[in-house]
> 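Dropping a structure here in structure tokens format, bear with me for questions.
Both counts, for ligands and for their atoms, begin at 1 and track the order of listing.
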Amino acid sequence: MNNPMNNDNSTSTPDHPQGQGAANGDVAAARPDTGEPIIRFEKVVKKFGDVTVLDELDFEVRKGEKVTIIGPSGSGKSTVLRILMTLENINDGVIYVTGRPLWHEEKNGELVPAAEEHLREMRKEMGMVFQQFNLFPHMTVRRNVTEAPVQVLKLSKEEANERADKYLELVGLSDQSDKFPSQLSGGQQQRVAIARALAMRPNIMLFDEPTSSLDPELVGEVLNVIQRLAEEHDLTMLLVTHEMQFAKQISDRVCFFDKGKIVEQGTPDEVLVHPQEPRTQEFLKSFIEQH
Ligand SMILES: Nc1ncnc2c1ncn2[C@@H]1O[C@H](COP(=O)(O)OP(=O)(O)OP(=O)(O)O)[C@@H](O)[C@H]1O
């Protein structure tokens with residue numbers, strides 16, 4: 001696998017905002033580079049029993065790109081993210097992340113199923129924010145953010161605390177660090193979940209319907225944080241959402257999924273405003289009628 005991105009020390013993280021403007025606190029537009037994809041699905045098949053959820057899916061995301069996946073319920077959107085996070089295995093095909101096979105390892109020039117150690121290593125490339133926050137209820141906000149950096153990355157407590165301070169500030173929760181999740185609103189809990197994912201300094205952030213379990217008045221605060229991340233940092237972001245207006249604002253590319261395949265993809269304007277495929281048109285029409 002001769003991929004220059006494997007040795008790319010310039011890979012940006014939330015610590016390394018892109019562009020000079022961003023470093024000064026200005027908003028820099030996210031501009032994906034034209035290099036190798038950071039995520040590549042090649043003919044990926046995922047089945048649950050007899051049901052084919054991903055049907056020979058080909059899909060790419062470039063470094064720094066902000067991609068939104070939309071589509072009807074059950075079309076396989078969350079499954080794409082869960083497979084990337086190594087929470088679900090695949091039945092066929094290959095996935096590459098930063099040029100390395102995710103679910104496989106190369107042995108004697110052949111791809112064989114990956115051992116747990118490889119998966120653990122690959123997992124560090126990605127952070128995921130779930131619909132249901134998934135915070136540890138018995139840990140303070142600070143501990144929720146420091147736990148994985150200490151346990152997985154073997155950071156000292158001091159280093160992990162510094163990171164927690166930084167990312168809790170980024171999500172606007174510096175003053176809540178000693179509270180427990182149950183003492184926070186849903187929007188605050190989701191912002192802790194974002195800080196927790198960022199504290200692992202992933203190159204890729206996966207958001208699985210991050211606002212769909214929030215009361216409507218709390219959606220905005222979470223979207224604002226995600227929007228700031230998208231605008232000010234060179235993170236690669238893959239987002240599943242039903243927030244069409246938000247998708248329009250932050251995405252470089254929108255993919256419309258149906259029945260485990262990409263039916264249509266393009267700029268937000270192409271897919272959300274001027275969709276060409278009848279299935280996309282129907283989906284957006286019924287979406288508008290329901291909202
Ligand atoms: N662990 C599982 N076991 C069995 N079937 C599953 C499992 N996870 C997902 N599925 C099925 O796979 C299909 C795709 O699910 P997925 O959650 O990816 O859809 P989705 O597009 O994200 O839908 P939604 O918008 O409702 O979240 C659905 O039919 C779902 O019932």
> Could any protein non-hydrogen atom be found less than 4.0 Å from atom 13 (C) of ligand 1?
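Looking at atom 13 (C) of ligand 1, one finds that a protein heavy atom does lie closer than 4.0 Å.
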> Tell me whether E217 at atom CD has more than 12 heavy atoms from other residues, nucleotides or ligands lying less than 6.0 Å away.
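Correct, the count exceeds 12.
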> Specify side chain, backbone, both or neither for T79, according to which of its non-hydrogen atoms lie closer than 4.0 Å to ligand 1.
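Near ligand 1, T79 shows its backbone as well as its side chain.
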> Identify the closest protein heavy atom to atom 25 (O) of ligand 1: which residue and atom is it, and at what distance?
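In this structure, atom 25 (O) of ligand 1 has K77 NZ, 2.8 Å as its nearest protein heavy atom.
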> Just by distance, do the side chain of K124 and the backbone of R201 share a donor-acceptor pair under 3.5 Å?
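Such a contact is absent between K124 side chain and R201 backbone.
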> Could you list which atoms of ligand 1 come closer than 4.0 Å to a heavy atom of V53?
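The list of qualifying atoms is 12 (O), 13 (C), 14 (C).
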> In ligand 1, which numbered atoms sit nearer than 4.0 Å to a non-hydrogen atom of H242?
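Near H242, meaning under 4.0 Å from one of its heavy atoms, ligand 1 has 25 (O).
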> Between G74 and ligand 1, is there a nitrogen or oxygen pair with a distance under 3.5 Å?
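Yes; at least one N/O pair falls below 3.5 Å.
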> Applying a strict under-4.5 Å side-chain criterion to I, L, V, M, F, W and Y, I'd like to know whether V67 and M85 cluster together.
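Yes.
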> Evaluate the 4.0 Å heavy atom contact test for atom 31 (O) of ligand 1: does a protein atom fall under the cut-off?
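For atom 31 (O) of ligand 1 the answer is no, since every protein heavy atom stays at 4.0 Å or beyond.
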> Which heavy atom of the protein is the closest neighbour of atom 11 (C) of ligand 1, given with residue, atom name and distance?
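It is F48 CD1, 3.8 Å.
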> Exactly one of V44, T86, V94 should register a side chain to side chain contact (heavy atoms under 4.5 Å, CB included) with W103. Which one does?
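Only match with W103 under side chain to side chain contact (heavy atoms under 4.5 Å, CB included): T86.
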> May I ask you to check if ligand 1 and G76 share an N or O to N or O distance below 3.5 Å?
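Yes: some nitrogen or oxygen of G76 is under 3.5 Å from one in ligand 1.
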> Mind checking whether R142 and N161 have side chains closer than 4.5 Å, heavy atoms only?
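Side chain of R142 against side chain of N161, heavy atoms only: contact under 4.5 Å found.
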> Atom CD of Q281 and atom CD of E264: how far apart are they, to the nearest 0.5 Å?
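CD of E264 is found 7.5 Å from CD of Q281.
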> Answer yes or no: is there a side-chain heavy-atom contact under 4.5 Å between V80 and F257?
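Contact flag for V80/F257 side chains = yes.
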> For the residue pair F256 and F283, does the interplanar ring angle fall in the parallel (under 30°), tilted (30 to 60°) or perpendicular (over 60°) class?
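It falls in the tilted class, 30° to 60°.
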> To check your reading of the model: name the closest protein heavy atom to atom 17 (O) of ligand 1, its residue, and the distance in Å.
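Nearest protein contact, heavy atoms only, for atom 17 (O) of ligand 1 is S78 CB, 3.6 Å.
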> With a 4.0 Å cut-off on heavy atoms, does E88 reach ligand 1?
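In this structure, E88 qualifies as a contact of ligand 1 - some heavy atom is under 4.0 Å.
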> Using a strict 4.0 Å cut-off to heavy atoms of E209, name the atoms of ligand 1 that fall inside it.
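Listed by number with element: 24 (P), 25 (O), 27 (O).
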> Under a 4.0 angstrom heavy-atom cut-off, which atoms of ligand 1 come close to S73?
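Matching atoms, with element in brackets: 23 (O), 24 (P), 25 (O), 26 (O).
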> Going by the order shown, which atoms of ligand 1 are within less than 4.0 Å of some heavy atom of P72?
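Counting atoms of ligand 1 from 1, those under 4.0 Å from P72 are 21 (O).
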> If you draw a 6.0 Å radius around NZ in K248, do more than 12 non-hydrogen atoms from other residues or ligands fall strictly inside?
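No, NZ of K248 has 12 or fewer neighbouring heavy atoms, counting only those of other groups under 6.0 Å.
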